[in-house]
2 protein chains.
Amino acid sequence: MDTSAGPDAPGTPDLPYDVFARACPSRRTLEHVTGRWGALTLGALHEGSLRFNELRRRVDGVSEKMLSQTLHALERDGLVHREAQLVNPPRVDYRLTPLGRRITDRLLALMTSVETGMDEVVAARVRYDERHGDPVRG
Amino acid sequence: MDTSAGPDAPGTPDLPYDVFARACPSRRTLEHVTGRWGALTLGALHEGSLRFNELRRRVDGVSEKMLSQTLHALERDGLVHREAQLVNPPRVDYRLTPLGRRITDRLLALMTSVETGMDEVVAARVRYDERHGDPVRG
DNA sequence: CAGCATCCAGCTTGATACTG
DNA sequence: CAGTATCAAGCTGGATGCTG
């Protein structure tokens, strides 16, 4: 089943990058992609190109600062393309790059599987909180 | 193309949960799954059952406290099963639940796609840093 | 509209020490 | 081994004010 050998976990392809390694740059990128705002921003952009304030409304709860920061990180990683038109009022569109789309496809599959499993999650939480006399957790 | 209508984004199935909504509990669960340590912990457990300190070594850089906290959250969400044997020295095994496995399958697909795209990401960063005179970013 | 700069509260995190 | 308790520090992120 596993014809390769290397620094990666058994069963995974032998890539030069390994998110499990603390020093690997892929770890930072994974954090940008899966971070609280990164994931939602990418997910929102999956539908198509959006402007800054459209994104802000779409990603419920994000602040201007965090959205700006998130977009910079994603743009730098080559996942999001920023296109500014020199008009007044200013118009800037953000959209996924091909790489961003490949990654976001997987990300959305993950998000959907979480949403799909939520009934089970909620039930599990009730059971857990019953067994432990526990007050409040995230 | 889209036979449903509801609070979700166009094109997505009409589930009762929506990660894009600030108040939806699925958002918390998504954060547990994609969080810095949650993702790596689930990924490590995908291979099979692991003990606490095995996990610690596998998830490079995680502290005892963070691993403990992460495992509690994932256990409460019903993604990880904890099995303690009353022996001396104590032995506790963690493994994915069926729900946890379904979600982790998607998570690993995402992680792999990030690793696979890293050459492109690194190249994009170089280009970005050239265009902007920027010193250091994450 | 599309941001950047600053301030600062508080949550997250990592060490460290200790328990069963 | 498998954790819990405590504490300091630093980073995250929200609010505010301003620019082009």
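Residue numbering restarts at 1 for every chain, and letters A, B, ... go by the order of the sequence lines. Hydrogens, waters and symmetry mates are skipped; everything else that's a heavy atom, side chains included, is used. All values derive from a computational prediction rather than experimental measurement.
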Partner set under side-chain hydrogen bond (donor to acceptor under 3.5 Å, both in side chains) for Arg22(A), not counting sequence neighbours: none
Pairs satisfying salt bridge (Lys or Arg N to Asp or Glu O under 4.0 Å), at least one member in residues 61-70 of chain B, at least two apart: Arg56(B)-Glu64(B)
Between side-chain atoms of residues 80-91 of chain B and protein atoms elsewhere (two or more places apart, or another chain), which donor-acceptor pairs fall under 3.5 Å?
from: Arg82(B); atom 1: NE; to: Tyr94(B); atom 2: OH; distance (Å): 3.3
from: Arg91(B); atom 1: NE; to: Asp93(B); atom 2: OD2; distance (Å): 3.0

Between C1' of dA2(D) and CG of Leu67(B), the distance in whole Å: 10 Å
Partners meeting side chain to side chain contact (heavy atoms under 4.5 Å, CB included) with Ala109(B) (sequence neighbours left out): Arg106(A)
Whole angstrom value for the distance that separates P of dA2(D) from OH of Tyr94(B): 8 Å
Nucleotide interval of DNA chain C bounded by contacts with chain B (heavy-atom cut-off, under 4.0 Å): dT13(C) to dG20(C)
Arg28(A) CZ - dT12(D) C1' separation (whole Å): 13 Å
Please list each protein N or O that sits under 3.5 Å from an N or O in nucleotides 13-15 of chain D, with the distance.
from: dG13(D); atom 1: N7; to: Lys65(A); atom 2: NZ; distance (Å): 2.8
from: dG13(D); atom 1: O6; to: Lys65(A); atom 2: NZ; distance (Å): 3.4
from: dG14(D); atom 1: OP2; to: Ser63(A); atom 2: OG; distance (Å): 3.3
from: dG14(D); atom 1: O6; to: Lys65(A); atom 2: NZ; distance (Å): 2.3

5' priority, DNA chain C, between Pro90(A) and Pro90(B) [closest heavy atom]: Pro90(A)
side-chain N/O Arg91(B) vs dA2(D) OP1/OP2, d < 4.0 Å: no
CG on Leu30(B) to CE on Met111(A), rounded to 0.5 Å: 5.0 Å
Residues that Thr104(A) engages under side chain to side chain contact (heavy atoms under 4.5 Å, CB included), provided they are two or more places apart: Leu42(A), His46(A), Leu96(A), Leu108(A)
Angle by which the axis turns from one end of the helix from dC1(C)-dG20(D) to dG20(C)-dC1(D) to the other, five pairs per end, to 10 degrees: 50°
Partners passing side-chain hydrogen bond (donor to acceptor under 3.5 Å, both in side chains) against Arg36(A) (at least two apart in sequence or in another chain): none
Non-neighbouring partners of Arg101(A) that pass side-chain hydrogen bond (donor to acceptor under 3.5 Å, both in side chains), sequence neighbours left out: none
Results of side chain to side chain contact (heavy atoms under 4.5 Å, CB included) for Ala124(B) - residues two or more places apart only: Arg127(B)
Criterion side chain to side chain contact (heavy atoms under 4.5 Å, CB included) on Leu40(A) and Phe20(B), from CA distance to verdict: CA-CA 7 Å; Leu40(A) 297 174; Phe20(B) 287 97; 4.0 Å; yes
Sugar-phosphate, base or nothing in reach of Arg56(A), heavy atoms under 4.0 Å: nothing
Sequence-distant partners of Asp119(B), side-chain hydrogen bond (donor to acceptor under 3.5 Å, both in side chains), two or more places apart: Tyr17(A)
Gap between atoms CZ and P, on Arg82(B) and dC1(D) respectively (whole Å): 16 Å
